[in-house]
Structures are given as structure tokens and as C-alpha cells.
Amino acid sequence: MQRKYLIAANWKMNPAPQGAYEGGSPYMPRDDVDVAVFPTILDACKCLEAGIRTGSQHGALHPDGYGAHTGDVSMQMLKDSGCEFVLCGHSERRQYHGESDQDVANQVGVALEVGLRPVICMGETEQERELGQEKNIIQAQMSILPLNMDLTFAYEPVWAIGTGNTATPEQAQEMHAFIRSLLPDDKKGTAQILYGGSMKPENAEELLQQPDIDGGLIGGASLKPDQFAAIVETAATMKN
Ligand code: PGA
């Protein structure tokens, strides 16, 4: 089963990189690789207008979609605006906004209901890895997800995010294979499992050539158009 690479830019709480909306920018859609951008909510409309495949970094959990919830943007409104994806469970949301595994599962449910594609971030902290708990953590995070649905995952070891410390290709492959092993048989071949955590041009190839790594969720390097372009080009020249 040949899976297409998905190379996704997570701009986090940063302005759009210079030239991002211009024709020929590396954030634009292409045929050989799925390219998507997760901008701030302020930039989401500009991305959509520019024809970029856009996701939100967060969708507020209001199953009714609209109403008196000052400051929130619901999953339904993201879908209405033309967003295609939504991040669920990024470790920064878990850490700074107290999102629990159950909150993440609830977000995934509503995202699917409104027709957004959830990109579910999972991963262990440094301490959990030192204790040999990394697979238990993933298993717990996945055990309450609707795994019979079409989901996209991002394995993001917390100790590798924004630190410059990347998981080795072997560590990442082991975890990606583990994630895939937990999926129902009919989803094993099709689920895209991205790696996130200091992916950059220098390590993209060795990570992407692992059989169970289907792309990247890229923070720091995605803010530098030349670096993001190099990762997209690497993916384009590789067979999955
Ligand atoms: P990073 O971020 O590439 O800066 O490590 C990845 C992420 O948090 O999605």
C-alpha cells in the first residue's frame, strides 16, 4: 500500500512567513505530496484565500457549532470557512491548556462529525521515556479514539518538540509501527502517521524513509520557507 506523504507546517503562535501567500511558495498544494498549513486563526482566512490547504491548530468543542461562547471558534465554523484539518491534542495544548486524553477524543469525535480531518498528536515526555513508558502512553491516548474512522496521527515525542533533539529514525520507526499495530486491519495500510519533533532538512530524508513514517508535522523549520521547501522536495523525491 503506497501512502502519500503529508508535509504539514505548524506555524504555532507566529506570523505567516514572508511570501507564504505568493504563487510558487512552498506552502502551496501540489500533486505529488500533500502539503498543508496550520496557521493561527488570524491567518487561516488568508491561507484559504491563497489556495493553501489549511488546518486549524485548535477547534473549540461545541457540538452545537454556534452560540454564546466568547473567544471560541468551533469545529463547525472551521469547516464552514473551508478548513480541511484540525490538530487535536498537540502537547502544547495538553500542557498549557490542560487538555486530557478524553478532551482530545471528544475533539476528534466532533471534528469527524463536522467533516474535518483530525490530525491527532500523541507522544511521551522525556521522563516517561526514561521510565520505559512510551508505548503505554500512546496506547492510553489511542484506546479512547474511534480507530475505525479515517484518522491521521502525528507521533510527537514531547522531548523532541522545539528542542532540536530529534528522535532517531529507529526510535521513531518503532513508535510509528506500534501506533499502526493498534489500528484495525482495514486502516493499517491507509492511515497517515506523521513524525513531529525538530524535523528539518538535515534529518527529513532518514526519517521519511522509515516504512511507517508518512510525513512530518513541522514547527520551527516550517517558519523558514527555504527549509520547509527543502523538506517538501525531499518527500517529493522519495517513494513511500
Ligand atoms: P518543531 O515542532 O518542529 O519545532 O519541533 C513540531 C510540533 O510541535 O508540531
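Predicted model only: the values in this text are computed from it and were never measured. Each ligand, and each atom within it, is numbered from 1 in the order the structure gives.
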Angle class for the Tyr27/Phe228 ring planes (parallel below 30°, perpendicular above 60°, tilted otherwise)? parallel

Could Lys46 and Tyr21 be counted as a cation-pi pair, given that NZ or CZ must be under 6.0 Å from the ring centre and within 45° of the axis? no

Shortest non-hydrogen contact from Gly55 to Pro39? O-CD, 3.1 Å

Please tell me whether Arg117 and Gln192 have a donor and an acceptor in their side chains that are separated by less than 3.5 angstrom. yes

Which atom pairs, nitrogen or oxygen on both sides, join ligand 1 and the protein at under 3.5 angstrom?
residue	atom	partner	partner atom	Å
ligand 1	2 (O)	Lys12	NZ	3.3
ligand 1	2 (O)	Gly219	N	3.4
ligand 1	3 (O)	Ser198	N	3.4
ligand 1	3 (O)	Gly219	N	2.8
ligand 1	4 (O)	Gly220	N	2.8
ligand 1	5 (O)	Gly162	N	2.7
ligand 1	5 (O)	Ser198	N	2.7
ligand 1	8 (O)	Lys12	NZ	2.7
ligand 1	8 (O)	His90	NE2	2.7
ligand 1	9 (O)	Asn10	ND2	3.4
ligand 1	9 (O)	His90	NE2	3.3
ligand 1	9 (O)	Glu156	OE1	3.4
ligand 1	9 (O)	Glu156	OE2	2.7

Looking only at side chains, do Asp103 and Gln107 share a donor and an acceptor under 3.5 Å apart? no

Over 60° means perpendicular and under 30° means parallel, so tell me whether Phe38 and Phe85 are parallel, tilted or perpendicular. tilted

